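Scroll down for the structure; my scribbles are underneath it.
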Amino acid sequence: MEGDDSLLTTEDNNKEVVELEVAPALISVHPAHHSVAVAVGCELRVFNLREGCPVTLGAESGEVCHHKDSIRAIRYGAKGNVFVSAGDDKLVKIWTTDSWRCMYSVSTEKKVSAVAISDNGQFVCYADKFGVVWVVELDEFNENQALVQKKGSPLLAHYCSIITSLEFSPDGQFIITADRDFKIRVTMFPKKPLDGAHEIQSYCLGHTEFVSCLAFVYNVDCPHGYLVSGSGDSTVRLWDFTSGLLLNTCDVGSEVGRLMANGTESNYFAITDLCATCDGSSICVAVQGLPGILLLTCNLLAKTLSILKVVSINGEDFIPTSIGTSLTSNFLWMVMGVSNLPGFDSSSLARVRIISGLTNCNSESGDQNHNILEDQQVPGGETLLQQLQGSLSIDKDVFSAAAEAVKTSMRNLLIKKQYSSEKREFRKRGRNDRKAKR
Amino acid sequence: MQLEEKIASGDESNPCISKSTRLPRKRFYRARAHSNPLSDSHFPVPISPHHVEYSVHYPHFFPSSDSPPDSKKIEFADVGCGFGGLLISLATLFPETLMIGMELRDKVTEYVKERILALRVANPGQYQNVSVVRTNSMKYIPNYFEKSQLSKMFFLFPDPHFKEKNHRRRVISPFLLDEYAYAIRAGGIIYTITDVEELGDWMKSCLENHPLFAALTEEELEADPVVKLLSSATEEGQKVSRNGGQTFKAVFRRIVPSV
């Protein structure tokens with residue numbers, strides 16, 4: 001912490017500055033690669049990959065149903081016919097991906113930090129910043145139906161901790177929740193979720209900082225799969241989620257630190273996002289401060305993770321804020337972006353890139369056929385980029401400011417502030433038992 | 001450890017310790033009744049149950065810091081143990097069982113620590129199975145206890161958090177019962193008692209509505225020697241008796257639900 005000349009001055013300064021919270025851009029890909037969605041601030045931008053055209057949300061019904069504040073979580077259901085978006089406007093919107101109509105709107109008490117959809121597409125779960133996970137049941141949707149308001153039922157809770165990630169296990173038996181207090185909880189997802197999920201299967205404990213992202217890795221030989229988690233402690237860990245056993249820890253931080261020894265002064269390499277390739281052979285990791293993607297190979301039989309290499313984007317200082325893949329294609333979609341960026345004309349920016357050919361990576365062959373697609377090679381080409389990015393060209397200065405802003409906002413949200421003892425005593429000065437003279 | 005040496009060497013100068021009984025004096029450990037359960041306080045938390053320092057808490061049972069795989073584990077947890085009254089009574093009733101008190105307030109935790117150390121010195125071979133840790137049990141139960149590790153869990157005279165907006169801070173709630181059910185083995189027992197009727201109703205109804213807990217019958221309550229200690233062994237309980245107040249108990253067993 002920087003030295004405080006006078007504790008009083010700092011307190012006053014904090015009160016005066018009211019900043020809009022910076023929100024990182026998010027990307028999600030339809031499981032069968034029919035469409036791709038990017039969320040920047042309160043805007044949800046979707047592109048139809050099958051027909052090669054941009055999507056206007058709610059066009060058929062003529063309803064205006066946009067989010068009014070930053071979107072913090074987006075997701076396609078495993079079957080691809082449902083899409084969920086939610087965030088700071090305390091609304092969870094559930095869309096049908098055929099016509100992109102908003103089917104359901106759920107109003108929440110607190111801002112939403114994560115969403116997930118059960119495998120059968122019947123239940124949507126969302127988590128708030130106070131640690132409660134809620135569930136809504138989706139009924140059969142009638143195309144001519146007007147927007148339905150729904151209310152969530154509480155499913156489970158992490159006591160007073162921001163839930164950063166929510167995932168269902170591949171067989172749909174468990175729901176996994178990760179939080180700011182280093183914990184990952186594996187709970188049985190019951191037949192009647194509206195009554196609550198009370199049976200905790202295990203806890204995956206081992207991270208020494210907030211857990212930021214979760215993914216499952218599995219293949220034909222190992223269909224049950226394992227859980228992969230990324231954290232602010234700069235590690236990626238592999239878990240047997242049924243027992244809570246830590247199988248392997250991959251120290252991403254030291255490797256990235258080594259690679260960037262000349263570049264940066266900080267050694268803070270929190271994991272921003274991760275996802276597994278569809279064949280279960282590799283994990284793609286987005287790391288704060290690292291341009292490009294870190295690739296890990298995953299050996300499901302040996303239950304290990306190892307660092308393969310960094311794939312960097314030439315000519316751009318591209319630090320992804322969100323990444324995603326589909327089950328059918330070979331593409332890793334990445335977005336770098338942020339909204340509410342102070343001090344710039346256009347306060348939001350998004351840049352989309354794709355890396356192809358990441359499956360079938362193995363450590364024996366040093367060179368794979370992975371390929372960073374140029375703008376013209378991207379499916380949907382410049383039309384897609386125009387739709388998802390909002391514009392075709394991005395200012396370099398905006399890029400680096402964006403990266404810093406996202407890093408700071410994540411740290412402020414998820415790492416508890418450490419106060420010196422003088423500062424702590426000062427903060428207690430208004431307390432009743434402090435005021436009274438002994 | 002310094003204090004233990006002082007006591008052993010007969011050092012009379014520490015005012016916090018009574019000269020006659022050698023036990024810590026409560027008035028030097030006064031603390032507010034409330035501690036904010038939402039604050040992220042500055043105490044160390046074990047990363048996982050394997051990181052709990054058994055050799056620090058129970059040196060008699062764990063002389064070295066390596067614990068062999070089949071070693072004893074903590075079985076009783078007193079959540080919000082206050083000044084330690086219940087634990088002290090349980091320690092001699094169950095001399096072979098390891099038990100721990102969890103308390104949020106640091107001064108009170110210090111008091112209990114010193115009380116235990118003093119009792120260990122004054123009664124060789126006894127009180128080696130009881131210890132205390134300063135922690136927020138509403139956040140960190142899974143860090144201390146493995147699945148199905150505990151056989152008894154105690155919640156004696158918890159903070160009522162009267163205002164409805166603060167009900168979610170209560171230590172017994174439908175969500176937290178999921179975590180306690182995780183830590184308590186099937187057949188294990190959860191004991192709660194309070195002198196606030198509304199809180200007593202609340203705790204009872206949370207437990208009744210939870211699929212993993214079932215109430216003990218009257219006969220079972222009569223037969224359990226621990227039940228009587230709930231009102232008599234703690235400082236809070238003794239205060240309530242002195243004032244002629246009523247107490248409200250809810251004692252439930254952790255069950256395996258029929259599928």
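Since the model is a prediction, treat every value here as computed from it, not as a measurement. Naming: A, B, ... by sequence-line order, numbering from 1 per chain. The analysis underlying the following values was restricted to heavy atoms, covering all of them including side chains, and did not include hydrogens, waters or symmetry mates.
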- The interface call for B:Glu179 against chain A, heavy-atom contacts under 4.5 Å, is both
- Side chain / backbone / both / neither for B:Asn209 at chain A, heavy atoms under 4.5 Å: neither
- Query: Is any residue of residues 194-203 of chain A within less than 4.5 Å of chain B by heavy atoms, and which ones?
  - Reply: A:Ala197, A:His198, A:Glu199, A:Ile200, A:Gln201, A:Ser202, A:Tyr203
- Task: Please identify each residue that fulfils side-chain hydrogen bond (donor to acceptor under 3.5 Å, both in side chains) with A:Glu109, with sequence neighbours left out.
- Result: none
- The side-chain hydrogen bond (donor to acceptor under 3.5 Å, both in side chains) partners of B:Ser173 (sequence neighbours excluded) come to none
- B:Lys147, NZ: over 12 other non-hydrogen atoms inside 6.0 angstrom: yes
- Item | Heavy-atom donor-acceptor pair, B:Lys139 side chain to A:Ser161 backbone, under 3.5 Å | no
- Query: At their closest point, which heavy atom of B:Pro49 faces which heavy atom of A:Leu205, and how far apart are they?
  - Reply: CD-CD1, 4.0 Å
- Message: What's the separation between atom OG in B:Ser48 and atom CZ in A:Phe182, rounded to the nearest 0.5 Å?
- Response: 13.0 Å
- With sequence neighbours left out, what residues match A:Lys129 under side-chain contact (heavy atoms from CB on, under 4.5 Å)? A:Glu21, A:Lys111, A:Ser113, A:Ile162, A:Leu413
- Nearest atoms (heavy-atom pairs only) where A:His207 meets B:Ile47: O-CD1, 3.6 Å
- Between A:Leu246 and B:His50, is any pair of side-chain heavy atoms under 4.5 Å apart? no
- Task: With B:Arg168 as the cation and A:Phe130 as the aromatic partner, state whether NZ or CZ is under 6.0 Å from the six-membered ring centre and within 45° of the axis.
- Result: yes
- Item | Interchain contact, B:His51 with chain A, by part (heavy-atom threshold 4.5 Å) | neither
- Does CD belonging to B:Glu53 count more than 12 external heavy atoms closer than 6.0 Å? no
